[in-house]
Protein chains: 2
Amino acid sequence: MVNDRLDILKKFFKKNRRLPSYSEMLSLFGFSSKNAVFKLINKWVEANLLKKINGKLSPTSRFFALPLLGNIKAGFPILAEENKNYLTLDDYLIEDPSSSFLLKVSGDSMTGVGIFDGDIVVVEKKKAPTIGDIVLAQIDREWTLKIFRKDRRRRINYLEAANPKYPPLYPHQELQIYGVVKAVIRKFN
Amino acid sequence: MVNDRLDILKKFFKKNRRLPSYSEMLSLFGFSSKNAVFKLINKWVEANLLKKINGKLSPTSRFFALPLLGNIKAGFPILAEENKNYLTLDDYLIEDPSSSFLLKVSGDSMTGVGIFDGDIVVVEKKKAPTIGDIVLAQIDREWTLKIFRKDRRRRINYLEAANPKYPPLYPHQELQIYGVVKAVIRKFN
DNA sequence: CTTGACAGTGAACAAATGTTTACTATAATG
DNA sequence: CATTATAGTAAACATTTGTTCACTGTCAAG
(Lines give C-alpha, C1' and ligand atoms only; values in the text may rest on other atoms or scores of the structure.)
Protein backbone atom coordinates (compact mmCIF):
# COMPACT_ATOMS: atom_id res chain seq x y z
CA MET A 1 0.00 0.00 0.00
CA VAL A 2 1.40 3.35 -1.10
CA ASN A 3 -0.14 5.26 1.75
CA ASP A 4 1.60 3.08 4.28
CA ARG A 5 4.90 4.60 3.30
CA LEU A 6 3.61 8.10 3.76
CA ASP A 7 2.36 7.10 7.17
CA ILE A 8 5.76 5.70 8.00
CA LEU A 9 7.33 8.97 6.95
CA LYS A 10 4.88 10.98 9.00
CA LYS A 11 5.55 8.88 12.03
CA PHE A 12 9.26 9.33 11.57
CA PHE A 13 8.81 13.07 11.47
CA LYS A 14 6.52 13.09 14.47
CA LYS A 15 9.08 11.14 16.42
CA ASN A 16 12.29 12.78 15.22
CA ARG A 17 11.06 16.20 14.16
CA ARG A 18 12.96 15.93 10.91
CA LEU A 19 12.78 14.04 7.65
CA PRO A 20 14.95 10.97 7.30
CA SER A 21 17.83 10.95 4.84
CA TYR A 22 17.58 8.83 1.71
CA SER A 23 19.70 6.11 3.24
CA GLU A 24 17.51 6.08 6.32
CA MET A 25 14.49 5.79 4.07
CA LEU A 26 16.05 2.75 2.46
CA SER A 27 15.50 0.75 5.61
CA LEU A 28 12.36 2.63 6.62
CA PHE A 29 10.61 1.70 3.40
CA GLY A 30 12.35 -1.59 2.81
CA PHE A 31 14.00 -0.58 -0.44
CA SER A 32 17.42 -1.66 -1.51
CA SER A 33 18.12 1.06 -4.01
CA LYS A 34 18.36 4.74 -3.25
CA ASN A 35 16.83 5.42 -6.63
CA ALA A 36 13.58 3.87 -5.46
CA VAL A 37 13.54 6.40 -2.65
CA PHE A 38 14.41 9.15 -5.08
CA LYS A 39 11.44 8.37 -7.28
CA LEU A 40 9.07 8.02 -4.35
CA ILE A 41 10.12 11.35 -2.91
CA ASN A 42 9.62 13.07 -6.23
CA LYS A 43 6.14 11.67 -6.35
CA TRP A 44 5.40 13.25 -2.99
CA VAL A 45 6.94 16.50 -4.11
CA GLU A 46 4.63 16.33 -7.09
CA ALA A 47 1.70 15.79 -4.72
CA ASN A 48 2.72 18.85 -2.74
CA LEU A 49 3.40 16.90 0.41
CA LEU A 50 7.09 17.64 0.35
CA LYS A 51 9.13 20.24 -1.39
CA LYS A 52 12.67 20.59 -2.58
CA ILE A 53 14.58 23.82 -2.57
CA ASN A 54 17.97 23.32 -4.16
CA GLY A 55 18.28 19.78 -3.03
CA LYS A 56 16.99 20.44 0.46
CA LEU A 57 13.90 18.48 1.29
CA SER A 58 11.21 19.78 3.61
CA PRO A 59 7.60 18.98 4.38
CA THR A 60 4.89 21.33 3.18
CA SER A 61 2.12 22.47 5.47
CA ARG A 62 -0.06 19.91 3.81
CA PHE A 63 2.22 17.19 5.08
CA PHE A 64 1.14 17.80 8.67
CA ALA A 65 -2.22 19.28 8.36
CA LEU A 66 -5.44 17.65 9.34
CA PRO A 67 -8.46 17.95 7.09
CA LEU A 68 -10.85 20.60 8.30
CA LEU A 69 -14.46 19.85 7.56
CA GLY A 70 -17.35 22.18 7.40
CA ASN A 71 -20.95 22.02 8.48
CA ILE A 72 -22.64 18.86 9.44
CA LYS A 73 -26.33 18.33 8.95
CA ALA A 74 -27.36 16.65 5.75
CA GLY A 75 -24.52 14.62 4.32
CA PHE A 76 -21.17 13.83 5.81
CA PRO A 77 -18.83 16.46 4.46
CA ILE A 78 -15.57 14.52 4.47
CA LEU A 79 -16.21 12.86 1.16
CA ALA A 80 -15.97 15.86 -1.09
CA GLU A 81 -12.32 16.28 -1.95
CA GLU A 82 -12.70 19.88 -3.06
CA ASN A 83 -14.23 20.95 0.23
CA LYS A 84 -11.14 19.97 2.10
CA ASN A 85 -9.23 22.53 3.97
CA TYR A 86 -6.15 21.75 5.95
CA LEU A 87 -4.95 23.10 9.21
CA THR A 88 -2.06 22.63 11.55
CA LEU A 89 -3.02 23.64 15.02
CA ASP A 90 0.24 25.20 16.12
CA ASP A 91 0.28 27.45 13.09
CA TYR A 92 -3.38 28.26 13.45
CA LEU A 93 -3.34 29.06 17.14
CA ILE A 94 0.03 30.66 17.65
CA GLU A 95 1.01 33.57 15.50
CA ASP A 96 4.06 34.73 17.37
CA PRO A 97 5.68 31.90 19.34
CA SER A 98 8.35 34.07 20.89
CA SER A 99 5.86 36.32 22.64
CA SER A 100 3.26 33.70 23.51
CA PHE A 101 2.77 31.37 26.40
CA LEU A 102 0.12 29.03 27.71
CA LEU A 103 -1.81 29.43 30.88
CA LYS A 104 -3.88 26.87 32.70
CA VAL A 105 -7.06 28.55 33.84
CA SER A 106 -8.54 28.10 37.29
CA GLY A 107 -11.88 29.33 38.45
CA ASP A 108 -15.25 29.89 36.86
CA SER A 109 -15.18 33.62 36.30
CA MET A 110 -14.98 33.31 32.51
CA THR A 111 -17.51 30.59 31.81
CA GLY A 112 -19.69 33.10 29.94
CA VAL A 113 -17.21 33.21 27.09
CA GLY A 114 -16.61 29.48 27.22
CA ILE A 115 -13.43 29.43 29.28
CA PHE A 116 -13.74 26.85 32.03
CA ASP A 117 -11.70 25.67 34.94
CA GLY A 118 -8.81 23.58 33.64
CA ASP A 119 -8.82 25.03 30.13
CA ILE A 120 -5.59 26.21 28.58
CA VAL A 121 -5.43 29.65 27.05
CA VAL A 122 -2.89 31.02 24.61
CA VAL A 123 -1.69 34.38 25.85
CA GLU A 124 0.21 36.83 23.71
CA LYS A 125 2.23 39.44 25.50
CA LYS A 126 1.07 42.74 24.19
CA LYS A 127 1.17 46.37 25.04
CA ALA A 128 -2.17 47.71 23.93
CA PRO A 129 -5.27 45.53 24.26
CA THR A 130 -8.47 46.43 22.49
CA ILE A 131 -11.59 47.08 24.53
CA GLY A 132 -13.44 43.81 24.81
CA ASP A 133 -10.34 41.61 24.68
CA ILE A 134 -9.88 38.92 27.25
CA VAL A 135 -6.73 39.92 29.06
CA LEU A 136 -4.28 38.63 31.59
CA ALA A 137 -3.95 41.54 33.95
CA GLN A 138 -2.67 42.62 37.30
CA ILE A 139 -5.20 44.66 39.23
CA ASP A 140 -4.13 46.05 42.58
CA ARG A 141 -1.37 43.43 42.80
CA GLU A 142 -3.61 40.49 41.97
CA TRP A 143 -3.29 38.52 38.76
CA THR A 144 -6.45 37.62 36.93
CA LEU A 145 -8.05 36.75 33.63
CA LYS A 146 -10.91 39.03 32.69
CA ILE A 147 -12.53 41.09 29.96
CA PHE A 148 -10.96 44.47 29.36
CA ARG A 149 -13.58 47.23 29.55
CA LYS A 150 -13.71 50.99 29.42
CA ASP A 151 -15.96 53.09 31.66
CA ARG A 152 -16.70 56.05 29.44
CA ARG A 153 -18.23 58.22 32.13
CA ARG A 154 -15.49 57.76 34.68
CA ARG A 155 -12.90 57.59 31.91
CA ILE A 156 -11.05 54.64 33.30
CA ASN A 157 -10.48 51.05 32.28
CA TYR A 158 -11.73 48.20 34.40
CA LEU A 159 -12.08 44.44 34.30
CA GLU A 160 -15.24 42.44 33.91
CA ALA A 161 -15.86 38.76 34.59
CA ALA A 162 -17.84 36.68 32.14
CA ASN A 163 -20.01 35.33 34.90
CA PRO A 164 -22.82 37.26 36.61
CA LYS A 165 -21.65 35.84 39.96
CA TYR A 166 -18.71 38.21 39.93
CA PRO A 167 -18.87 42.00 40.11
CA PRO A 168 -16.79 44.24 37.82
CA LEU A 169 -13.33 45.04 39.08
CA TYR A 170 -12.37 48.69 39.25
CA PRO A 171 -8.74 49.29 40.13
CA HIS A 172 -8.06 51.17 43.35
CA GLN A 173 -4.51 51.87 42.45
CA GLU A 174 -3.28 50.13 39.39
CA LEU A 175 -4.45 48.14 36.39
CA GLN A 176 -1.72 46.62 34.31
CA ILE A 177 -2.32 44.50 31.24
CA TYR A 178 0.16 41.78 30.66
CA GLY A 179 -1.22 39.96 27.66
CA VAL A 180 -4.19 39.18 25.49
CA VAL A 181 -5.91 35.80 25.21
CA LYS A 182 -5.80 34.66 21.61
CA ALA A 183 -7.30 31.19 21.93
CA VAL A 184 -8.68 28.57 24.29
CA ILE A 185 -8.13 24.87 24.10
CA ARG A 186 -9.78 22.15 26.07
CA LYS A 187 -9.08 18.47 26.02
CA PHE A 188 -11.72 15.92 26.92
CA ASN A 189 -11.08 12.92 29.18
CA MET B 1 22.70 38.76 21.92
CA VAL B 2 22.86 34.98 22.19
CA ASN B 3 19.12 34.49 22.20
CA ASP B 4 18.77 36.28 18.89
CA ARG B 5 20.45 33.39 17.16
CA LEU B 6 18.09 30.90 18.71
CA ASP B 7 15.21 33.03 17.54
CA ILE B 8 16.65 33.08 14.06
CA LEU B 9 16.89 29.33 14.13
CA LYS B 10 13.33 28.96 15.37
CA LYS B 11 12.08 31.24 12.66
CA PHE B 12 13.94 29.23 10.07
CA PHE B 13 12.32 26.07 11.32
CA LYS B 14 8.87 27.62 11.44
CA LYS B 15 9.28 28.74 7.88
CA ASN B 16 11.02 25.73 6.36
CA ARG B 17 9.95 22.95 8.68
CA ARG B 18 13.51 21.72 8.95
CA LEU B 19 16.77 22.76 10.53
CA PRO B 20 19.28 24.54 8.32
CA SER B 21 22.53 22.86 7.41
CA TYR B 22 25.76 24.17 8.90
CA SER B 23 26.60 26.08 5.77
CA GLU B 24 23.16 27.65 5.75
CA MET B 25 23.69 28.64 9.37
CA LEU B 26 26.88 30.37 8.35
CA SER B 27 24.93 33.06 6.58
CA LEU B 28 21.96 32.86 8.92
CA PHE B 29 24.10 33.68 11.92
CA GLY B 30 26.67 35.79 10.15
CA PHE B 31 29.62 33.53 10.88
CA SER B 32 32.45 32.90 8.51
CA SER B 33 33.67 29.65 9.97
CA LYS B 34 31.68 26.46 10.17
CA ASN B 35 33.44 25.74 13.42
CA ALA B 36 31.65 28.67 15.02
CA VAL B 37 28.38 27.02 14.03
CA PHE B 38 29.59 23.70 15.32
CA LYS B 39 30.32 25.10 18.75
CA LEU B 40 27.06 27.01 18.91
CA ILE B 41 25.06 23.93 17.99
CA ASN B 42 26.80 21.89 20.65
CA LYS B 43 25.86 24.48 23.19
CA TRP B 44 22.22 24.12 22.22
CA VAL B 45 22.50 20.38 22.35
CA GLU B 46 23.91 20.80 25.84
CA ALA B 47 20.90 22.98 26.70
CA ASN B 48 18.55 20.28 25.44
CA LEU B 49 17.12 22.43 22.69
CA LEU B 50 18.55 20.26 19.96
CA LYS B 51 19.82 16.74 19.89
CA LYS B 52 22.23 14.76 17.83
CA ILE B 53 21.81 11.11 17.01
CA ASN B 54 24.82 9.87 15.11
CA GLY B 55 25.49 13.13 13.41
CA LYS B 56 21.84 13.83 12.64
CA LEU B 57 20.56 16.99 14.20
CA SER B 58 16.97 17.42 15.32
CA PRO B 59 15.05 19.75 17.59
CA THR B 60 13.83 18.48 20.94
CA SER B 61 10.28 19.08 22.10
CA ARG B 62 11.65 21.88 24.20
CA PHE B 63 12.75 23.66 21.06
CA PHE B 64 9.16 24.33 20.01
CA ALA B 65 7.23 24.25 23.15
CA LEU B 66 5.59 27.19 24.80
CA PRO B 67 5.91 27.60 28.53
CA LEU B 68 2.80 26.42 30.32
CA LEU B 69 2.05 28.37 33.44
CA GLY B 70 -0.05 27.36 36.36
CA ASN B 71 -2.48 29.13 38.59
CA ILE B 72 -2.78 32.83 38.71
CA LYS B 73 -3.90 34.61 41.81
CA ALA B 74 -1.18 35.85 44.08
CA GLY B 75 2.06 36.25 42.21
CA PHE B 76 2.74 35.97 38.53
CA PRO B 77 3.82 32.39 37.99
CA ILE B 78 6.12 32.83 35.03
CA LEU B 79 9.11 33.79 37.08
CA ALA B 80 9.72 30.49 38.83
CA GLU B 81 11.92 28.51 36.47
CA GLU B 82 11.15 25.18 38.12
CA ASN B 83 7.42 25.59 37.67
CA LYS B 84 7.76 25.69 33.94
CA ASN B 85 6.17 23.08 31.89
CA TYR B 86 6.33 23.00 28.16
CA LEU B 87 3.76 22.05 25.64
CA THR B 88 3.41 21.86 21.91
CA LEU B 89 -0.21 22.07 20.93
CA ASP B 90 -0.19 19.62 18.07
CA ASP B 91 1.36 16.95 20.24
CA TYR B 92 -0.93 17.74 23.11
CA LEU B 93 -4.16 17.80 21.18
CA ILE B 94 -3.67 15.15 18.55
CA GLU B 95 -2.65 11.70 19.60
CA ASP B 96 -3.22 9.88 16.36
CA PRO B 97 -2.92 12.21 13.36
CA SER B 98 -3.80 9.54 10.83
CA SER B 99 -7.22 8.89 12.30
CA SER B 100 -8.06 12.45 13.33
CA PHE B 101 -9.68 15.33 11.59
CA LEU B 102 -11.00 18.76 12.47
CA LEU B 103 -14.59 19.85 12.32
CA LYS B 104 -15.98 23.33 12.41
CA VAL B 105 -18.99 23.34 14.67
CA SER B 106 -22.24 25.05 13.82
CA GLY B 107 -25.17 25.51 16.10
CA ASP B 108 -25.65 26.00 19.81
CA SER B 109 -26.65 22.51 20.86
CA MET B 110 -23.41 21.90 22.78
CA THR B 111 -22.93 25.16 24.61
CA GLY B 112 -23.42 23.38 27.92
CA VAL B 113 -20.07 21.68 27.56
CA GLY B 114 -18.42 24.80 26.23
CA ILE B 115 -18.61 24.06 22.52
CA PHE B 116 -19.91 27.08 20.67
CA ASP B 117 -20.84 27.96 17.14
CA GLY B 118 -17.66 28.41 15.12
CA ASP B 119 -15.43 26.36 17.40
CA ILE B 120 -13.20 23.71 15.94
CA VAL B 121 -13.25 20.23 17.42
CA VAL B 122 -10.69 17.48 17.04
CA VAL B 123 -12.46 14.27 16.13
CA GLU B 124 -10.84 10.89 16.34
CA LYS B 125 -12.39 8.15 14.26
CA LYS B 126 -13.20 5.36 16.63
CA LYS B 127 -15.30 2.29 16.83
CA ALA B 128 -16.41 2.14 20.44
CA PRO B 129 -17.22 5.37 22.26
CA THR B 130 -17.63 5.44 26.01
CA ILE B 131 -20.95 6.53 27.49
CA GLY B 132 -20.73 10.27 28.12
CA ASP B 133 -18.33 10.96 25.25
CA ILE B 134 -19.10 13.74 22.85
CA VAL B 135 -19.50 12.02 19.53
CA LEU B 136 -19.91 12.74 15.87
CA ALA B 137 -22.80 10.53 14.90
CA GLN B 138 -25.30 9.77 12.23
CA ILE B 139 -28.79 9.37 13.59
CA ASP B 140 -31.52 8.42 11.15
CA ARG B 141 -29.41 9.73 8.26
CA GLU B 142 -28.60 13.06 9.88
CA TRP B 143 -25.13 13.99 11.03
CA THR B 144 -24.76 15.65 14.37
CA LEU B 145 -22.49 16.35 17.32
CA LYS B 146 -23.96 15.23 20.64
CA ILE B 147 -23.34 13.43 23.90
CA PHE B 148 -23.48 9.67 23.70
CA ARG B 149 -25.90 8.26 26.28
CA LYS B 150 -27.36 4.93 27.29
CA ASP B 151 -30.98 4.41 28.25
CA ARG B 152 -30.73 1.56 30.74
CA ARG B 153 -34.42 0.80 30.91
CA ARG B 154 -35.02 0.70 27.19
CA ARG B 155 -31.57 -0.76 26.63
CA ILE B 156 -30.68 1.47 23.74
CA ASN B 157 -28.19 4.24 23.08
CA TYR B 158 -29.32 7.74 22.30
CA LEU B 159 -27.91 11.21 21.82
CA GLU B 160 -28.25 14.15 24.14
CA ALA B 161 -27.61 17.82 23.46
CA ALA B 162 -25.74 19.93 25.98
CA ASN B 163 -28.40 22.59 25.87
CA PRO B 164 -31.82 22.34 27.57
CA LYS B 165 -33.39 23.87 24.45
CA TYR B 166 -32.97 20.59 22.62
CA PRO B 167 -34.68 17.29 23.47
CA PRO B 168 -32.77 13.99 23.56
CA LEU B 169 -32.53 12.18 20.25
CA TYR B 170 -33.65 8.59 20.17
CA PRO B 171 -32.94 6.82 16.91
CA HIS B 172 -35.95 5.57 14.97
CA GLN B 173 -33.88 3.34 12.79
CA GLU B 174 -30.19 3.74 13.15
CA LEU B 175 -27.56 5.36 15.35
CA GLN B 176 -24.07 5.19 14.00
CA ILE B 177 -21.05 6.64 15.77
CA TYR B 178 -18.37 7.98 13.51
CA GLY B 179 -15.88 9.50 15.93
CA VAL B 180 -15.21 10.89 19.36
CA VAL B 181 -14.45 14.52 20.15
CA LYS B 182 -11.08 14.72 21.85
CA ALA B 183 -10.63 18.48 22.12
CA VAL B 184 -12.12 21.88 21.32
CA ILE B 185 -10.24 24.92 20.20
CA ARG B 186 -11.51 28.42 19.82
CA LYS B 187 -9.70 31.42 18.50
CA PHE B 188 -10.63 34.94 19.52
CA ASN B 189 -10.97 37.78 17.01
C1' DC C 1 50.63 41.41 34.40
C1' DT C 2 49.41 36.75 33.66
C1' DT C 3 46.26 33.26 32.95
C1' DG C 4 42.54 30.99 31.32
C1' DA C 5 38.13 30.89 29.36
C1' DC C 6 35.39 32.30 25.54
C1' DA C 7 34.03 33.39 20.72
C1' DG C 8 35.41 33.17 16.40
C1' DT C 9 38.59 32.25 11.86
C1' DG C 10 40.47 29.11 8.35
C1' DA C 11 41.71 25.03 6.25
C1' DA C 12 41.50 20.16 5.61
C1' DC C 13 38.99 15.72 5.28
C1' DA C 14 36.46 11.30 5.60
C1' DA C 15 31.84 10.06 5.28
C1' DA C 16 27.34 10.70 3.75
C1' DT C 17 24.28 13.06 0.78
C1' DG C 18 21.12 13.49 -3.34
C1' DT C 19 21.30 12.63 -8.23
C1' DT C 20 22.12 10.32 -12.58
C1' DT C 21 22.37 6.58 -15.80
C1' DA C 22 21.53 1.92 -17.33
C1' DC C 23 19.01 -2.08 -16.60
C1' DT C 24 15.12 -5.65 -15.03
C1' DA C 25 10.65 -7.53 -13.83
C1' DT C 26 5.83 -6.98 -13.46
C1' DA C 27 1.43 -5.42 -14.48
C1' DA C 28 -1.87 -2.78 -17.33
C1' DT C 29 -3.49 -1.36 -21.95
C1' DG C 30 -5.04 -1.55 -26.51
C1' DC D 1 0.20 -10.43 -28.85
C1' DA D 2 3.19 -6.37 -28.62
C1' DT D 3 3.65 -2.13 -26.05
C1' DT D 4 4.19 0.97 -22.59
C1' DA D 5 4.11 2.61 -18.13
C1' DT D 6 5.35 1.49 -13.32
C1' DA D 7 8.23 0.00 -9.44
C1' DG D 8 12.35 -1.47 -8.31
C1' DT D 9 17.79 -2.87 -8.44
C1' DA D 10 22.70 -1.62 -8.90
C1' DA D 11 26.57 1.08 -9.40
C1' DA D 12 28.99 5.32 -9.97
C1' DC D 13 29.80 10.27 -8.76
C1' DA D 14 30.23 15.18 -7.72
C1' DT D 15 28.79 17.92 -3.95
C1' DT D 16 27.87 18.78 0.59
C1' DT D 17 27.87 17.39 5.10
C1' DG D 18 29.52 17.49 10.03
C1' DT D 19 33.83 17.22 12.40
C1' DT D 20 38.60 18.07 13.75
C1' DC D 21 42.82 20.60 14.46
C1' DA D 22 45.60 24.65 14.91
C1' DC D 23 45.39 29.36 15.60
C1' DT D 24 43.82 34.48 17.03
C1' DG D 25 41.85 38.26 19.58
C1' DT D 26 39.20 39.80 23.65
C1' DC D 27 37.78 40.12 28.08
C1' DA D 28 37.36 39.01 33.08
C1' DA D 29 39.51 37.10 37.30
C1' DG D 30 43.22 36.18 40.37
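As a basis for the values below, the full set of heavy atoms in this structure was taken, side chains included, without hydrogen atoms, waters or symmetry mates. Order of the sequence lines sets the chain letters (A, B, ...), proteins ahead of strands, with each chain counted from 1.
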| request: Specify the separation, in whole Å, of atom CD1 of B/I53 and atom P of C/dA16. | output: 16 Å

| said: Does D/dA7 have its OP1 or OP2 closer than 4.0 Å to a side-chain nitrogen or oxygen of A/R5? | reply: no

| said: Pairing donors with acceptors under 3.5 angstrom, does anything connect the side chains of B/K56 and A/N16? | reply: no

| said: I need the CG-C1' distance between B/N35 and D/dG25, as an integer number of Å. | reply: 15 Å

| query | Of the nucleotides D/dA7, C/dG10, D/dA10, which one has an atom closest to the side chain of A/S33? | reply | D/dA10

| query | With a distance cut-off below 6.0 Å to the six-membered ring centre and an angular limit of 45° from the axis, does A/R149 pair with A/Y170 as a cation-pi contact? | reply | no

| query | Nearest to the side chain of A/F38 - C/dT19, D/dT17, C/dT17? | reply | C/dT19

| field | Terminal axes of the helix from C/dC1-D/dG30 to C/dG30-D/dC1 (five pairs each): angle between them, nearest 10 degrees | value | 30°

| What integer distance in Å separates B/L40:CG from C/dG8:P? | 8 Å

| field | Close aromatic pair by centroid cut-off 6.0 Å: A/F13 and A/F64 | value | yes

| field | Atom-pair distance (CG on A/N54; C1' on C/dT19), nearest Å | value | 14 Å

| message | Expressed as a whole number of angstroms, how long is the span from B/L26:CG to C/dT9:C1'? | response | 11 Å

| Roughly, in whole Å, what's the span from NZ in A/K39 to C1' in D/dA5? | 11 Å

| In terms of side-chain heavy atoms of B/S23, which of D/dG8, D/dT17, C/dT17 is nearest? | D/dT17

| request: Hey, which sits more toward the 5' end of DNA chain C by its nearest nucleotide, B/K56 or B/K43? | output: B/K43

| Does a sphere of radius 6.0 Å around NZ in B/K14 hold more than 12 heavy atoms from other residues, nucleotides or ligands, not counting ones at 6.0 Å or beyond? | yes

| message | Using whole Å, what does the distance between atom P of nucleotide C/dT20 and atom CD1 of A/I41 come to? | response | 14 Å

| note | So CG of A/L93 and CD1 of A/I120: to nearest 0.5 Å the spacing works out to 11.5 Å

| query | Contact class for B/K34 vs. all strands (heavy atom < 4.0 Å): base, sugar-phosphate, or nothing? | reply | base

| message | A cation-pi test, strictly: NZ or CZ of B/K187 under 6.0 Å from the centre of the six-membered ring of A/Y92 and no more than 45 degrees from its axis. Yes or no? | response | yes

| message | Under 4.0 Å from OP1 or OP2 of C/dA16: is there any side-chain N or O of A/Y22 that close? | response | no

| query | Is the B/F63 to B/W44 ring centre distance short of 6.0 Å? | reply | no

| Atom-to-atom span, CZ of A/F29 to P of D/dT9 - whole angstrom | 13 Å

| task | Identify, between A/G55 and B/S32, the residue whose nearest nucleotide on DNA chain C lies closer to the 5' end. | result | B/S32

